Number of protein chains: 2
Amino acid sequence: MTAAHICSDCAVRDRALCASLDDAELNALNTLGQRRTLQRGQALIWAGEESPVCANLISGVLKLSATTPDGREQVVGLLYPADFVGRPWANTADFTVTALGEAELCVFPRGPFERVLEDHVRMERLLLQRTLASLDEARARMLTLARLSAREKLAGFLLDLADRSHGCRATAFGPVTFDLPLTRGEMADVLGLTIETVSRQLSKLKAEGAINLMGARGITIRDRAKLEASSQ
Amino acid sequence: MTAAHICSDCAVRDRALCASLDDAELNALNTLGQRRTLQRGQALIWAGEESPVCANLISGVLKLSATTPDGREQVVGLLYPADFVGRPWANTADFTVTALGEAELCVFPRGPFERVLEDHVRMERLLLQRTLASLDEARARMLTLARLSAREKLAGFLLDLADRSHGCRATAFGPVTFDLPLTRGEMADVLGLTIETVSRQLSKLKAEGAINLMGARGITIRDRAKLEASSQ
DNA sequence: CGTATCATTGAAATTTTTCAAATCTTGTGG
DNA sequence: CCACAAGATTTGAAAAATTTCAATGATACG
């Protein structure tokens, strides 16, 4: 956790909520924000607890998760750099926020941040538009979770990750290779499956030539068309 | 579809988004709004199509649904009176909006409505807060859809409906009786199950004495504690 | 009152999970 | 640099849950 960062140097200055602020406004916000680093597995917010912070994610990936009283878990959202973290105007958090890998955040105390939001219409509007988009995304994922088969879930998820990753490819339209940012267990939690089912479906997709697996994390999309056909 | 309605007579005047407007502002909005009635099964918005309207739901229940290309359906949200309908700032709709029973709406053309939102900070803030709440709800439902058993889904859903319904009860803490606002098929679409599974779980809950079924629609919560135990 | 729709129930099939055991990775300390 | 331990992944076999297919029964509406 370090202080004294300058917003103009921020990697997500133009993509986070702050993009709606001019330099003067940004300075005001700057005094509120604190840089913070989370290690893999470390949580920022716990479901059921008071959540005194909001944040912008600067680097890394966070998961939002819910659990049943008896411990079944479901990841209900993934957050990427420039995404907004937290829930303004709610005293207790509904979901746990955890880092999947090392992550950097710009953290604000919730109350003062709410006041900034209320004083800056453009920022509030941007948050509204993002929230509407997140809601659409969450609803689309309800269809996935409830109605797709394990194979369809996996294929679709791999395509998502491939599109988001800046993986390398040998030729312009050749196979993409990248590292999975999640373990099998985390993928299972995202897709509403078990580790074993995830592993079996990956093995099957590999056997069919749609993908290639190298080590635990490496993956190559070898036949995107086949993966797309499997995803639907 | 009738015109010339007065907002002050509106059943949801104090609960819909309009609650954020004073009488003068409301008059301006009034000239934009059109009353419209939907019949059971009739759609207001189709997924994938341009959606030129937003609305406030005045009476009845609407479903928001998504479908896979091969026709599997999932209800991703239910809307009740005073809820906001539609998706400002999106050209095409992601979800289909259909009336479960007869429903009354106050419909606005989307563009002008967006301008009203942009000009009325309090209304925009109220929509933001509702959207944040809907997002929490959608995420909570992701846990339900992905991780609960058929019995748990049914029990939880019946408790929800019971709490929302103004069903009658013989004594203050006695059993509640009400009519299910959905068919078995619609419940299946909400819970991510098949009609047959819904029917079987209801029969089982009845056999165990947790509920009673009368005809296709009538239901009595006979042992709430047992239903709660089954829901988790 | 008949007909179309909705609901229930049974039996078989399918999918996914659970339980159990290897096997592979990865990071660490010798 | 290698061996090893801890954790992660894969794979198999059996069990469980849900779906699918099929038939029958109930309800409601014209």
Side-chain angles (χ1 to χ4, degrees), chain A residues 39-41 68 70-74 100-102 143-158 179-208 211-219 230-231, chain B residues 39-41 63 68 70-74 100-102 143-158 179-208 211-220 230-231:
Chain A
Q39 299 305 314
R40 172 178 173 71
T68 59
D70 67 342
R72 285 167 283 178
E73 177 174 348
Q74 178 60 42
L100 287 180
E102 187 173 305
L143 176 65
T144 292
L145 289 172
R147 296 299 189 188
L148 297 198
S149 67
R151 153 183 272 256
E152 291 168 327
K153 287 177 180 178
L154 248 307
F157 186 60
L158 293 180
D179 277 347
L180 295 167
L182 305 84
T183 66
R184 302 287 186 272
E186 286 161 347
M187 287 192 261
D189 288 342
V190 169
L191 298 174
L193 300 168
T194 60
I195 290 181
E196 294 93 330
T197 301
V198 169
S199 179
R200 271 187 257 268
Q201 295 298 332
L202 286 177
S203 298
K204 197 184 282 191
L205 287 169
K206 178 182 178 180
E208 293 170 6
I211 62 173
N212 203 13
L213 299 169
M214 291 120 71
R217 291 302 184 104
I219 184 168
S230 303
S231 75
Chain B
Q39 298 306 314
R40 171 178 172 72
K63 70 173 181 183
T68 60
D70 67 342
R72 284 167 283 178
E73 177 173 348
Q74 178 60 43
L100 287 179
E102 187 173 306
L143 176 65
T144 292
L145 289 172
R147 297 299 189 188
L148 298 199
S149 67
R151 154 183 273 255
E152 289 168 327
K153 288 177 179 177
L154 247 308
F157 186 61
L158 293 181
D179 277 348
L180 295 167
L182 305 85
T183 66
R184 300 291 186 270
E186 286 161 346
M187 288 192 261
D189 288 341
V190 169
L191 298 174
L193 300 168
T194 60
I195 291 182
E196 294 93 329
T197 301
V198 168
S199 181
R200 272 187 257 269
Q201 294 298 333
L202 286 177
S203 298
K204 196 184 283 190
L205 287 169
K206 179 182 178 180
E208 293 170 6
I211 62 173
N212 202 13
L213 299 168
M214 291 121 71
R217 291 301 184 104
I219 185 168
T220 300
S230 303
S231 75

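As the structure is a prediction and not an experimental result, all values here were calculated from the model.
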From CG of A:Leu193 across to P of D:dT9 the rounded distance in Å is 15 Å
Heavy atoms, side chains only, cut-off 4.5 Å: are B:Leu191 and B:Leu148 in contact? no
Given D:dT9, is OP1 or OP2 found less than 4.0 Å from the side-chain N or O atoms of A:Ser199? no
Whole angstrom value for the distance that separates C1' of C:dT5 from CZ of B:Arg40: 11 Å
Given C:dA7, C:dT16, D:dG12, the nucleotide with the shortest approach to the side chain of A:Gln201: C:dT16
Atom-pair distance (CG on A:Leu148; P on C:dT15), nearest Å: 14 Å
From C-beta outward on A:Ala150, which listed nucleotide comes closest to its side chain: D:dT19, C:dA20, C:dT16? C:dT16
Let me know the distance between CG of A:Leu145 and P of C:dT15, rounded to the nearest Å. 19 Å
Pick the closest DNA chain C nucleotide for A:Arg217 and for A:Arg151 by heavy atoms, then say which residue is nearer the 5' end. A:Arg151
For A:Asp179 and A:Gly218 the tightest heavy-atom approach is OD1-CA, 3.6 Å
Quick one: is C:dT9 close enough that its OP1 or OP2 comes under 4.0 Å of any side-chain N or O from B:Ser203? yes
Just do the side-chain hydrogen bond (donor to acceptor under 3.5 Å, both in side chains) check on A:Ser199 and A:Arg184 with the steps written out, would you? CA-CA 7 Å; A:Ser199 179; A:Arg184 302 287 186 272; 5.1 Å; no
Phosphate OP1/OP2 of D:dA17: any B:Ser149 side-chain N/O under 4.0 Å: no
Name the residue from A:Lys204, A:Glu152, A:Arg151, A:Gln201 that meets the side-chain hydrogen bond (donor to acceptor under 3.5 Å, both in side chains) definition with A:Ser230. A:Arg151
Output yes when at least one side-chain N/O atom of A:Thr194 is less than 4.0 Å from OP1 or OP2 of C:dT18, else no. no
Identify, between A:Arg147 and A:Val198, the residue whose nearest nucleotide on DNA chain D lies closer to the 5' end. A:Val198
Of the nucleotides D:dC21, D:dT18, C:dT18, which one has an atom closest to the side chain of A:Arg200? C:dT18
Just how far, in rounded Å, is P of C:dT8 from CE of B:Met187? 8 Å
How do A:Gly192 and A:Met214 order along DNA chain C: which one's closest nucleotide is nearer the 5' end? A:Gly192
Nearest 0.5 angstrom please: A:Leu143 CG to B:Glu73 CD, how far? 9.5 Å
Using atom CG of B:Leu154 as one end and atom P of C:dA7 as the other, report the distance to the nearest whole Å. 13 Å
Taking atom P of D:dA8 as reference, at what distance in whole Å does atom CG of A:Leu182 sit? 13 Å
Look at the side chain of A:Glu196 and the base of C:dC19, then say whether one donor and one acceptor between them are separated by less than 3.5 Å. yes
From CD of B:Glu186 over to P of C:dC6, roughly how many Å is that when rounded to an integer? 9 Å
